[in-house]
Amino acid sequence: MTQNTQHPIMVVTGIRKSAGDFKADNGDNITFSNTVVTVLQDYSDQEKQQGAIGQKSTDYKIKGAQFFNDYLHMSSKLPAQAELIFNWDFTKKTPVAQLVALNFDLKDSKA
């Protein structure tokens, strides 16, 4: 299987909204809105050396709970393979990969 490292193909097991607000320790009101994507992924080499077997469940966030509606058509088709599309955020000291979309329309050549 060939993959673009910024567009890995993983098994998506669930998609949900996560939105709300809370008060931070410094008193600021924090509002959040995400679409949370749960995937299965392989354990790291270190975890395997420590005896891990199988796969682990990992949550990735797409900024904006409204994007959940883009994936409602998948409700009866999960789990399913999807390409996870990441963009890089270079505004922080260490670059961070941010999930921006899912592509369930995989071509046979990718899977």
Side-chain angles (χ1 to χ4, degrees):
M1 174 189 317
T2 58
Q3 295 183 23
N4 179 329
T5 57
Q6 295 175 346
H7 298 172
I9 296 172
M10 297 183 181
V11 175
V12 175
T13 60
I15 303 170
R16 65 180 172 86
K17 291 182 190 182
S18 177
D21 55 60
F22 64 93
K23 187 169 285 222
D25 292 340
N26 65 4
D28 290 347
N29 285 325
I30 308 295
T31 301
F32 62 95
S33 175
N34 298 301
T35 296
V36 180
V37 178
T38 304
V39 302
L40 292 179
Q41 77 184 111
D42 294 332
Y43 284 104
S44 69
D45 289 339
Q46 180 181 3
E47 291 167 317
K48 289 177 185 175
Q49 289 172 353
Q50 295 171 349
I53 58 173
Q55 293 183 307
K56 63 184 172 182
S57 172
T58 303
D59 286 346
Y60 290 100
K61 295 176 184 171
I62 299 173
K63 296 284 186 203
Q66 72 274 13
F67 295 113
F68 172 80
N69 296 326
D70 295 344
Y71 303 108
L72 279 175
H73 69 282
M74 293 302 300
S75 63
S76 65
K77 299 175 185 173
L78 294 179
Q81 282 197 334
E83 179 181 31
L84 279 68
I85 301 169
F86 290 91
N87 281 346
W88 285 95
D89 177 359
F90 293 101
T91 62
K92 297 175 178 38
K93 187 174 182 178
T94 303
V96 176
Q98 294 180 328
L99 183 61
V100 294
L102 302 171
N103 175 19
F104 286 98
D105 187 25
L106 300 177
K107 305 296 180 224
D108 290 336
S109 61
K110 288 187 179 181

Linked, directly or transitively: Val39 and Met74 (ILVMFWY side chains, under 4.5 Å):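 The answer is yes; both residues are in one hydrophobic cluster.
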[X] side, atom [atom1]; [Y] side, atom [atom2] - distance, nearest 0.5 Å:
| X | Y | atom1 | atom2 | value |
| --- | --- | --- | --- | --- |
| Gln55 | Gln41 | CD | CD | 8.5 Å |
| Leu99 | Lys61 | CG | NZ | 12.0 Å |
| Met10 | Thr58 | CE | OG1 | 7.5 Å |
| His73 | Phe104 | NE2 | CZ | 6.5 Å |
| Asp59 | Arg16 | CG | CZ | 5.5 Å |
| Lys63 | Asn34 | NZ | CG | 5.0 Å |

Within-4.5 Å side-chain heavy-atom neighbours: Glu47 and Asp42: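 No, too far: nothing below the 4.5 Å cut-off.
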Any Leu102 side-chain heavy atom under 4.5 Å of Leu84 side chain: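 Yes - at least one pair of side-chain heavy atoms lies under 4.5 Å apart.
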Backbone of Gly64 reached by a side-chain donor or acceptor of Thr35 within 3.5 Å: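 It does hold such a pair.
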Main-chain N/O of Asp28 paired with Asn26 side-chain donor or acceptor, under 3.5 Å: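 Yes; judged by distance alone, with no hydrogens or angles, the pair exists.
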Can you name the nearest heavy-atom pair linking [X] to [Y], along with the distance?
| X | Y | value |
| --- | --- | --- |
| Ser33 | Ala65 | OG-N, 2.7 Å |
| Thr91 | Asp89 | OG1-OD1, 2.5 Å |
| Val12 | Ala82 | CG2-CB, 3.8 Å |
| Ser18 | Val36 | CB-CG2, 3.7 Å |

Does atom [atom1] of [X] have more than 12 heavy-atom neighbours from other groups under 6.0 Å away?
| X | atom1 | answer |
| --- | --- | --- |
| Gln46 | CD | no |
| Ile53 | CD1 | no |
| Lys48 | NZ | yes |

Pairs flagged by ring-ring contact (aromatic ring centres under 6.0 Å, His included) wherever residues 39-71 is involved - sequence neighbours left out: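 Those involving residues 39-71 are Tyr60-Phe86.
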Parallel, tilted or perpendicular: ring planes of Phe32 versus Phe22, cut at 30 and 60 degrees: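 Tilted: the ring planes of Phe32 and Phe22 meet at 30° to 60°.
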Among Thr38, Ile15, Thr13, side chain to side chain contact (heavy atoms under 4.5 Å, CB included) partner for Leu78: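 Exactly one candidate clears the test, Ile15.
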